[in-house]
Amino acid sequence: MGINMYSAQIEAAKEKFGKLLEEQLNRVEEMKKQGDFINYKALDKIIIGVCGDGIGPAITSQAQRVLEYLLADEVKQGKVEFKVIDGLTIERRAAEKVAIPADVLKELKECHVILKGPTTTPRKGDPWPNVESANVAMRKELDLFANVRPVRIPEQGIDWTFYRENTEGAYAVGSKGVHVTEDLGVDFTVVTSQGTERIIRAAFEYAKANGKTRVTAVTKANIIKTTDGKFLDMFREIAKEYPNITADDWYIDIMTAKLVDEKRRKDFQVLVLPNLYGDILTDEAAEFQGGVGTAGSANIGKCYAMFEAIHGSAPRMVDEGRDIYADPCSVIRAGAMLLSHIGYTKEADKLYKALDICTITEKKLVMTGRDTGATSEEFANYIMDTTRNL
Ligand code: IPM
Ligand code: MG
């Protein structure tokens, strides 16, 4: 009886839900058609796009200098080209009310790999319209399904690699929930066989190629039975194909606790998880390493790959004219991951070593985010000087 008064709203919600299902089923068909990973070695030229917002340009330009320095010969010979892509600013996105303006997306798709500084994600109360996160949109548009986030603290025996699913889960239609009535809001979480299989396989393949002996799935399958349940079932199935790797699974709540258990946490090696749990757990993990500002993140798909800093765009630093003091360490680390991904492993190793020296063992410069510390440019110079002696 009471429900009938809402029948128009329920119909409207059903219609929206129907559209979402159509979109997601189309995505499944696209995934079925997907071929193999791109082979960078077969390309005449690798185009590296560079973009970001807020303090983004200040720090990505420094990371670009470092990469150009390490790849000087390749750049000279035209084998590697850098392309700065402007226009991913919150002002442009707000004016057009889109997550990524069409011309920017076109430019991004003309690159093979992308080095991305932070972008601004509007939230309630901001002066910006509630456009979708550029980050999330880019991951979806370029189908960057594997978000790989390493966390290493050698002196504590910690060497974790997180494989966060990057295109599904709570994020797939995160900006398309439905306010059914004034009182009832519903969001959706999405899982597909194709999307789940490719992330779980990526994690096991990484483990196999890198001598890791354990892969751990993290879900809340006891409660979120359909989507997390499917993720866990597929994990168990695929694990059977890797008899030399121990496969176990944990629920996200106890896993969050175990990461602070100094006796147990060093035993984890590769972790594979749905999108939202991956988002949360990787921030926690990065905190042990020195904060999210010290972490880099790779977003890998079959055609494209994007490497990013995992901190925010700090618009206040820009307003106060302090962006020249922003710490470029996270985006430079993302640059090292990029180098290794496109096959320049020697240069990547040098850069990883230099980052360790400059931020842990030697630490000749201090970054404070203001004029009491070094500038991003000075830090980049320090990194380049350090690689010279390696
Ligand atoms: C991350 C960030 C993003 C996410 C935000 C900025 C959309 O927190 O890369 O982890 O939630 O994925
Ligand atoms: Mg996050």
Side-chain angles (χ1 to χ4, degrees), residues 51-56 59-60 63 88-90 93-94 98-100 105 108 114-126 128-151 160-177 187-190 195 199 218 252 255-256 259 271-301 304-317 326-327 329-331 333-335 337-338:
C51 61
D53 186 22
I55 55 169
I59 55 176
T60 52
L88 205 57
T89 59
I90 187 64
R93 295 164 53 214
V98 289
I100 304 178
L105 186 59
L108 289 168
I114 293 152
L115 184 65
K116 187 180 120 336
T119 47
T120 308
T121 304
R123 55 178 172 192
K124 267 214 153 53
D126 277 358
W128 310 112
N130 202 13
V131 290
E132 186 183 32
S133 140
N135 237 334
V136 173
M138 201 184 297
R139 293 169 185 165
K140 284 200 270 192
E141 287 287 349
L142 307 182
D143 202 18
L144 307 171
F145 64 86
N147 187 185
V148 187
R149 297 185 164 181
V151 169
W160 298 323
T161 308
F162 293 89
Y163 269 74
R164 163 188 177 189
E165 202 295 318
N166 219 12
T167 49
E168 306 201 330
Y171 283 59
V173 285
S175 57
K176 294 183 180 165
D187 267 313
F188 305 101
T189 185
V190 173
I199 187 69
V218 184
I252 180 64
M255 177 51 101
T256 312
L259 282 200
L271 299 99
V272 61
L273 8 65
N275 211 336
L276 182 59
Y277 309 142
D279 179 37
I280 298 166
L281 210 65
T282 54
D283 267 15
E284 186 195 5
E287 190 67 21
F288 302 133
Q289 180 183 265
V292 290
T294 62
S297 159
N299 298 267
I300 297 172
Y304 299 99
M306 179 266 277
F307 300 81
E308 63 181 341
I310 69 170
H311 52 75
S313 62
R316 199 158 59 178
M317 284 188 81
D327 188 345
C329 171
S330 174
V331 71
R333 191 171 293 278
M337 297 177 90
L338 183 153

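Whatever order the structure lists them in is the order used to number ligands and atoms, beginning at 1.
At least one N/O-N/O distance between R139 and ligand 1 falls below 3.5 Å.
Using a non-hydrogen distance threshold of 4.0 Å, R149 registers as a contact of ligand 1. Note on ligand 1: R164 sits in its first shell, one or more heavy atoms being nearer than 4.0 Å. Ligand 1 has N135 within reach: a non-hydrogen atom of the residue lies less than 4.0 Å from it.
Distances from atom 10 (O) of ligand 1 to the heavy atoms of V292, V136, D279 put D279 nearest.
When only non-hydrogen protein atoms are considered, atom 11 (O) of ligand 1 lies nearest to Y171 OH, 2.7 Å. In this structure, atom 7 (C) of ligand 1 lies nearest to the protein heavy atom S133 OG, 3.5 Å.
Residues P118 and I59 meet the side-chain proximity criterion, which asks for heavy atoms closer than 4.5 Å. By the 4.5 Å heavy-atom criterion applied to side chains, E141 and M138 are not counted as neighbours.
Considering just the N/O/S atoms of D279, the one nearest the Mg ion (ligand 2) carries the name OD1.
Of the possible polar contacts, none joining the S313 side chain to the G54 backbone as a donor-acceptor pair under 3.5 Å is found. Side chain of N147 to main chain of N166: no donor-acceptor pair is present (N/O by atom type, distance under 3.5 Å, no hydrogens or angles).
Heavy-atom proximity to T121, at under 4.0 Å, picks out these atoms of ligand 1: 6 (C).
Geometric assessment of R149 against the ring of F307 yields a negative cation-pi assignment under the 6.0 Å and 45° thresholds.
Only one option out of V331, N135, I114 pairs with E308 in a side-chain contact (heavy atoms from CB on, under 4.5 Å); it is N135.
Distance check, rounded to the nearest 0.5 Å: CG of L259 to CZ of F288 gives 5.5 Å.
Residue E132 does not touch ligand 1, judged by heavy-atom distances below 4.0 Å.
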